[in-house]
Amino acid sequence: MNVNLDSKQDFLTVAKERHAVKRYDRTYRMSEDEIKELLRIASQAPSAWNLQHWNFLVVTDQASKDILLGIANGQRQVIEASATVAILGDLQADRNAESIFEADVQAGRLSPEMKANLILQIQGAYTNKPNWARDQAFSNASLAAMQLMLAAKAMGLDSCPMSGFNPDKLIEAFAIPDRYVPVMLVVIGKAAEPARPSVRRPIEEKIHWNRFGS
């Protein structure tokens with residue numbers, strides 16, 4: 001069975017029905033083209049200055065899954081699911097600015113002067129704010145991760161975000177360059193069991209109108 005990449009589902013249905021699935025059909029395998037398409041959609045997520053602070057390490061072969069199992073504290077979804085995507089945040093996303101903005105200049109979407117000003121803004125932020133690079137890597141890569149999970153659900157697949165893994169061991173085992181920081185793992189595949197039901201607290205407890213204490 002292949003994913004229908006042309007299928008469409010109502011977004012509100014997708015958002016409501018996406019749940020973190022823990023058990024997967026080990027016989028189901030996504031093709032490389034299907035994974036690439038999901039990651040293209042994930043890459044349409046917004047990012048600060050359009051720097052696109054994400055990279056994806058995709059684990060699909062059995063030997064790599066076996067290594068990942070230990071890194072992920074024995075959570076079996078990493079070997080049962082069709083693919084595990086390590087979402088990596090780019091600590092040097094500022095280096096993307098020149099090529100991204102030059103493409104905009106060539107397309108007539110940006111003037112050379114605006115390009116120069118934007119690059120100065122980015123350089124200032126990355127140079128003068130100590131935590132900026134890491135904070136931006138995490139927040140923007142997380143946007144891509146959420147978009148990936150929603151896209152998977154829209155295409156009839158299931159997913160689960162995972163923070164329970166050893167990032168240092170992941171970096172070592174998979175030769176991840178210093179430029180990238182592991183943000184989370186996202187497993188994708190076909191559910192073998194439905195997600196465990198979960199309850200959300202009343203939204204009234206989570207909303208503060210205009211200011212806290214009002």
Side-chain angles (χ1 to χ4, degrees), residues 15 18 20 32-60 64 67-68 71-72 78 83-154 159-188:
R18 184 220 56 80
E32 183 175 311
D33 285 344
E34 290 166 345
I35 295 171
K36 283 182 178 178
E37 182 62 18
L38 282 175
L39 295 177
R40 285 189 190 99
I41 296 170
S43 293
Q44 294 299 310
S47 62
W49 285 299
N50 193 30
L51 293 179
Q52 302 162 49
H53 311 61
W54 45 72
N55 256 245
F56 307 111
L57 170 66
V58 184
V59 176
T60 57
S64 296
I67 294 170
L68 188 58
I71 294 170
V78 301
T84 298
V85 181
I87 309 295
L88 307 176
D90 188 352
L91 296 171
Q92 298 172 10
D94 53 315
R95 297 187 180 185
N96 302 334
E98 174 63 36
S99 61
I100 289 170
F101 294 146
E102 180 57 28
D104 287 335
V105 170
Q106 295 300 318
R109 294 187 294 265
L110 197 67
S111 70
E113 294 76 18
M114 289 181 66
K115 170 192 167 184
N117 287 336
L118 286 169
I119 289 178
L120 283 175
Q121 289 177 21
I122 293 166
Q123 290 173 342
Y126 275 80
T127 301
N128 300 321
K129 299 180 180 181
N131 298 321
W132 183 266
R134 185 175 178 85
D135 289 348
Q136 292 297 301
F138 269 82
S139 61
N140 288 280
S142 294
L143 293 173
M146 187 71 251
Q147 188 129 321
L148 172 61
M149 290 183 281
L150 291 172
K153 189 61 181 177
S159 64
C160 180
M162 300 171 60
S163 59
F165 66 97
N166 188 314
D168 293 331
K169 289 183 178 179
L170 183 74
I171 290 168
E172 180 181 1
F174 292 94
I176 297 172
D178 291 343
R179 175 171 178 166
Y180 303 109
V181 57
V183 174
M184 71 181 77
L185 304 177
V186 176
V187 296
I188 304 172

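Quick note: residue numbers are just sequence positions, from 1.
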Tell me if the [atom1] atom of [X] is crowded by more than 12 foreign heavy atoms within 6.0 Å.
X	atom1	result
K169	NZ	no
E102	CD	yes
N128	CG	yes

Heavy-atom pair with the smallest gap, counting every atom of [X] and [Y]:
X	Y	result
L170	A86	CD2-CB, 4.2 Å
A45	W54	O-CH2, 3.2 Å
T60	V58	CG2-CG1, 3.8 Å
A97	I119	CB-CG1, 4.2 Å

Working to the nearest 0.5 Å, report the span between [atom1] of [X] and [atom2] of [Y].
X	Y	atom1	atom2	answer
L185	I71	CG	CD1	9.0 Å
I176	N55	CD1	CG	10.0 Å
C160	R18	SG	CZ	8.5 Å
I87	H53	CD1	NE2	15.0 Å
F165	T84	CZ	OG1	11.0 Å
I122	F101	CD1	CZ	4.0 Å

Quick one: does [X]'s side chain have a donor or acceptor within less than 3.5 Å of a partner on [Y]'s backbone?
X	Y	value
N140	A48	yes
Q52	N50	yes
T127	G124	no

Angle class for the Y126/W132 ring planes (parallel below 30°, perpendicular above 60°, tilted otherwise)?
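The rings of Y126 and W132 stand perpendicular, inter-plane angle above 60°.
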Salt bridge check, E37 against R40: does any charged N sit closer than 4.0 Å to a carboxylate O?
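The answer is yes: the pair qualifies as a salt bridge.
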salt_bridge(R179, D90) N-O dist < 4.0 Å
yes
Would you check, one step at a time, whether the test side-chain contact (heavy atoms from CB on, under 4.5 Å) holds for Y180 with L91?
CA-CA 6 Å; Y180 303 109; L91 296 171; over 6 Å; no
Check: [Y] and [X] side chains under 4.5 Å, non-hydrogen atoms:
X	Y	result
I171	P182	yes
S142	M184	yes
L150	I41	no
M162	V186	no
L143	P46	yes
L118	L110	yes
P161	M149	yes
L148	I188	yes

Does W49 form a side-chain contact (heavy atoms from CB on, under 4.5 Å) with I100? I'd like the steps, not just the answer.
CA-CA 9 Å; W49 285 299; I100 289 170; over 6 Å; no
Determine whether L88 and V183 satisfy the following criterion, side-chain contact (heavy atoms from CB on, under 4.5 Å), listing intermediate values before the conclusion.
CA-CA 5 Å; L88 307 176; V183 174; over 6 Å; no
